[in-house]
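Worksheet: the structure to be examined is printed underneath.
Numbers restart at 1 for each chain; the letters A, B, ... are given by sequence-line order, proteins then strands.
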Amino acid sequence: MGTLRRSHACGAVSAADVGSEVVVAGWVQRRRDHGGVIFVDLRDHQGLVQVVFRPEESAESHERAGEFRSEYVILARGTVQRRTPDTVNPKMATGEIEVVAQEVRLLNRATPPPFPLEDNPGVDESTRMRYRIHDLRRSPLQRNLRIRHELYQVARRILCEQNFLEIETPMLTKSTPEGARDFLVPSRLQPGEFYALPQSPQLMKQLLMVAGLDRYFQIVRCFRDEDQRADRQLEFTQIDLEMSFVGVEDVLGVLEKLTAGVFEQVIGVEIRRPFLRISYADAMARFGSDSPDTRIQLELVDLSEAFRESDFRAFRSVIDAGGIVKCLPIHDAQELGRGAVDRLEKFVKKELGAKGLAWIRVAEDGSWQSPIVKFFSDAERATIEQRTAARPGSLLFFQADQAARANAVLSRLRTDLGRQLGRVDERPWDVLFVVDFPIFRRDDDGELTYVHQPFVAPIDEDIPLLATAPERVRGTHYDVVVNGVELGSGSLRNHRADVQRRILEIIGYSKQAAEARFGFLLNALDAGAPPHGGFAYGLDRWVMVLAGVDNLREVIAFPKTQRGQDLLMDAPTVVDQEQLDELQLRLAPPPKRGG
RNA sequence: GGGGCGGUAGUUCAAUUGGUUAGAGCACCGGCCUGUCACGCCGGAAGUUGCGGGUUCGAGUCCCGUCCGCCCCGCCA
């Protein structure tokens, strides 16, 4: 590089620099060699600029430029010139100008890129991940990481303004059987024992509140050893926060400030406050989901009551078994033909585990075409018609199943069909709180278990119900949902040890087990815990939403594949026997496979 | 753990019913070209058809197994 230093980022050279000398450095995006004149699109983190190499300007530079190849790293000194009108490139941000090179230095050669470094390379994801360096050179990923950076900065600033203290918590911590599967780290100093990587700093931040730190936040990596999805990675980042001496409203107030502040300062979007609030019960009833996108103008209708005494066995038996009958009415659905409905049925049965997909189509003459309607009484027909506002052109989809599955299936149809048919209102951003979650639910064995965490505080007036009717206890849990994506969740926590002990008991912990597992927490609560509550945003998901992408891998610099591998570094790998010996670990023989 | 889609040149794809030497675009290499911007023109090289086995005179194609990528269910909040 010598002593020459760049004066401008490639993307930052502008018409204002015409006539002046600049030094630009970057990667050769593309070389167009006309023999006599050579054009190089030079790329850096800010964009592209065209560098022109002319023999009459600098024979040596022109000669060198002939050797340039894609991704070569060069530095060029030259004069910014305005392009003649017929050579302006309107597709390029710097298309009105170009740098005419007087001097050029080759800083490094490069192997040919494994795939074209374009905005939409149309290349397989495994290739992108194996060559992540090249992938990251592309502007969409650079842009996403920039958004991510802005989110860190804005969140920090806003939380600092709100008197939150940034405090780190340990990565090597204690395994707990709750929640997700832990990542374990063997201890060398305590052979045979293991740390766990944190699934979240939940308990640590509660301890900080007990310790009197008042308001804590942390942008923190979390680990959950579960199967991955488009919106779930083994390791992910939370914006974690907790505050003392607060009720639900206080926390929601901070969340509104932070959420709206980020939207405004990161992507320049104003979000109206206060945010819409919807109860969990309402969300499930109307949308079949606890993270609804309310821009989609389709809603579900619960018809369980109408079929409670029905002669239609398929529905009646489900209700008798504690299930529900729900309907997704879509009006003016002529576009959805018989073939489409068949495909939908196949889809929900195969992918979502639905038993079937019953439907009614209202023909133009008002008649009902349906495989099931012949089983309905006149009263049932009338109820359906009235509750769903069915009219000629309507298509009604039914699910009779346990509530969770019926809602899951219809919710999926609601979002898929709503988008497909354009039943979406014009708001680009749909930000809401979902509140009033239940605190307990029945698991598959009929035992009471927690819905979110065992530390969620009940709402005050339901505390007496813990003794008598725990199922009816309402929790203080709340979620922030943006465009149908759950950005994060939080709650007030139990600051009274007796309430916490009772909840642990309800979800099946003996006194001894509770003390063994959570003794440090219970002791902390006993030590004078202030009322406290907080929240955790899934930062990666938030970036995903802000960037308008639908996959976490697009907002993480070095993501893992669905099977948890890092294809760039090739992790995980086997380790040396010495390392295992040191940890006193011995590998079990691989499990036998069939045959 | 289960379901679905996919894996052929660096890359994106094609290859009839199982049938000749597995083709094409881009990229790459060589040559030409003074206003291109997906530059253009001429030429060239490039393949363990993911891997292993089987059926067959013959397998990219059919069968079995296995590995890998993605999406979904379970799981996960």
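- Of the C1' atoms belonging to B:C71 and B:C28, the separation is 34 Å, rounded to the nearest Å.
- Using a 4.0 Å heavy-atom cutoff across all strands shown, A:Asp550 reaches no nucleic acid atom at all.
- Side chain to side chain, A:Asp443 and A:Thr449 fail the donor-acceptor criterion of an N or O pair below 3.5 Å.
- You'll find a donor-acceptor pair under 3.5 Å spanning the side chain of A:Arg232 and the base of B:C76, going by distance alone.
- Look at the P atom in both B:A14 and B:A24: the space between them is 16 Å, to the nearest Å.
- In this structure, A:His34 forms no aromatic stack with the base of B:U36, since the conditions of centre separation below 5.5 Å and plane angle below 30° are not both met.
- Taking atom CZ of A:Arg563 as the reference point, atom P of B:C71 lies 14 Å away to the nearest angstrom.
- Near RNA chain B, defined here as any heavy-atom distance below 4.0 Å, the residues from residues 58-73 of chain A are A:Arg69, A:Ser70, listed numerically.
- In this structure, the separation between OH on A:Tyr216 and CD on A:Gln206 is 11.0 Å, given to the nearest 0.5 Å.
- Taking atom CZ on A:Phe115 and atom P on B:C28, their separation rounds to 15 Å, with Å as the unit.
- A:Thr169 and A:Gln218 share a donor-acceptor pair across their side chains, judged by distance under 3.5 Å alone.
- Judged by Watson-Crick or G-U wobble contacts below 3.5 Å, the nucleotide B:G47 has no partner.
- Here, B:C42 and B:U56 have their C1' atoms 45 Å apart, quoted to the whole Å.
- Out of B:C70, B:C72, B:A77, the shortest distance to the side chain of A:Met129 is found at B:C70.
- Atom C1' of nucleotide B:C70 and atom CG of A:Asp231 are separated by 14 Å, given to the nearest angstrom.
- Within 4.0 Å (heavy atoms only), A:Gly122 reaches sugar-phosphate atoms of the nucleic acid but no base atom.
- At a threshold of 4.0 angstrom between heavy atoms, the contacts of A:Pro55 include nucleobase atoms, whether or not backbone atoms are also involved.
- Across every strand in view, B:C57 sits in a pair with B:G19 that passes the Watson-Crick or G-U test at under 3.5 angstrom.
- The neighbour count for A:Glu63 CD, taken as heavy atoms of other residues, nucleotides or ligands under 6.0 Å away, does not exceed 12.
- For the pair A:Gln453 CD and B:A77 P, the computed distance is 9 Å after rounding to whole Å.
- Counting only distance, with no hydrogens or angles, the side chain of A:Asp430 and the backbone of A:Thr294 share a donor-acceptor pair below 3.5 Å.
- Both distances falling under 3.5 Å, in either a Watson-Crick or a G-U wobble arrangement, place B:G40 opposite B:C32.
- Atom P of B:G30 sits at a distance of 25 Å from the matching atom of B:U36, rounded to the whole Å.
- Around CD of A:Glu96, the count of heavy atoms belonging to other residues, nucleotides or ligands within 6.0 Å does not exceed 12.
- Judged by closest nucleotide on RNA chain B, A:Gln81 is the one of A:Gln81 and A:Gln565 placed further toward the 5' end.
- A:Thr561 comes within contact range of the sugar-phosphate backbone alone, with a heavy-atom separation under 4.0 Å but no base atom that close.
- Only the P atoms considered, B:U16 is 14 Å distant from B:G7, to the nearest whole Å.
- For B:C71, the OP1/OP2 oxygens have a side-chain nitrogen or oxygen of A:Gln562 closer than 4.0 Å.
- With hydrogens and angles ignored, a donor-acceptor pair closer than 3.5 Å exists between the side chain of A:Arg83 and the base of B:C37.
- Side-chain N/O atoms of A:Arg30 include one lying less than 4.0 angstrom from OP1 or OP2 on B:C39.
- A:Arg148 places a side-chain heavy atom less than 4.5 Å from the side chain of A:Leu539.
- Applying the salt bridge (charged side-chain N to carboxylate O under 4.0 Å, His left out) rule to A:Asp225 yields no partners; only residues at least two apart in sequence or on another chain are considered.
- Side-chain nitrogen and oxygen atoms of A:Arg229 include at least one within less than 4.0 Å of the OP1 or OP2 phosphate oxygen of B:C73.
- Contact of A:Arg553 with B:G69 (side chain to base): no donor-acceptor pair of N or O atoms is detected under 3.5 Å.
- Under the 3.5 Å distance criterion, with hydrogens and angles disregarded, no donor-acceptor pair is assigned to the side chains of A:Ser289 and A:Arg414.
- The listed nucleotides are B:U36, B:U12, B:A38; the one nearest the side chain of A:Thr127 is B:U12.
- Toward the 5' end of RNA chain B, the nearer of the two residues A:Gln50 and A:Arg31, judged by each one's closest nucleotide, is A:Gln50.
- B:G23 and B:G44 have their P atoms separated by 14 Å, given to the nearest Å.
- For the pair A:Asp124 CG and B:G69 C1', the interatomic distance rounds to 6 Å; values are reported in whole Å.
- Note: OH (A:Tyr131) to C1' (B:A27) measures 13 Å, nearest angstrom.
- Checked by atom type, the side-chain pair A:Thr79/A:Gln102 shows a donor-acceptor distance below 3.5 Å.
- Rounded to the nearest Å, the gap between the C1' atom of B:C37 and that of B:G47 is 33 Å.
- Residue A:Arg32 places at least one side-chain N or O under 4.0 Å from the OP1 or OP2 atom of B:C39.
- Of the candidates B:C37, B:A38, B:C72, the closest approach to any side-chain atom of A:Lys91 belongs to B:A38.
- Note: CG (A:Asp240) to C1' (B:A77) measures 13 Å, nearest angstrom.
- The shortest distance between the side-chain N/O atoms of A:Arg181 and the OP1/OP2 oxygens of B:C75 is not below 4.0 Å.
- Using atom P as the reference point in both B:C62 and B:A15, the two lie 12 Å apart (nearest Å).
- When heavy atoms are screened at a 4.0 angstrom cut-off, A:Glu98 is found touching base atoms of the nucleic acid.
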Under 3.5 Å donor-acceptor pairs involving side-chain atoms of residues 80-87 of chain A, not counting sequence neighbours:
| from | atom 1 | to | atom 2 | distance (Å) |
| --- | --- | --- | --- | --- |
| A:Arg83 | NE | A:Gly95 | O | 3.3 |
| A:Arg83 | NE | A:Ile97 | O | 2.9 |
| A:Arg83 | NH1 | A:Thr87 | O | 3.1 |
| A:Thr84 | OG1 | A:Asp86 | OD1 | 2.8 |
| A:Thr84 | OG1 | A:Thr87 | OG1 | 2.9 |
| A:Thr87 | OG1 | A:Thr84 | N | 3.3 |
| A:Thr87 | OG1 | A:Thr84 | O | 2.9 |

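- Taking only side-chain atoms of A:Ser126, from C-beta outward, the nucleotide of B:G69, B:G74, B:U12 with the closest atom is B:G69.
- In this structure, A:Asp33 places its CG atom 12 Å from P of B:C29, rounding to the nearest Å.
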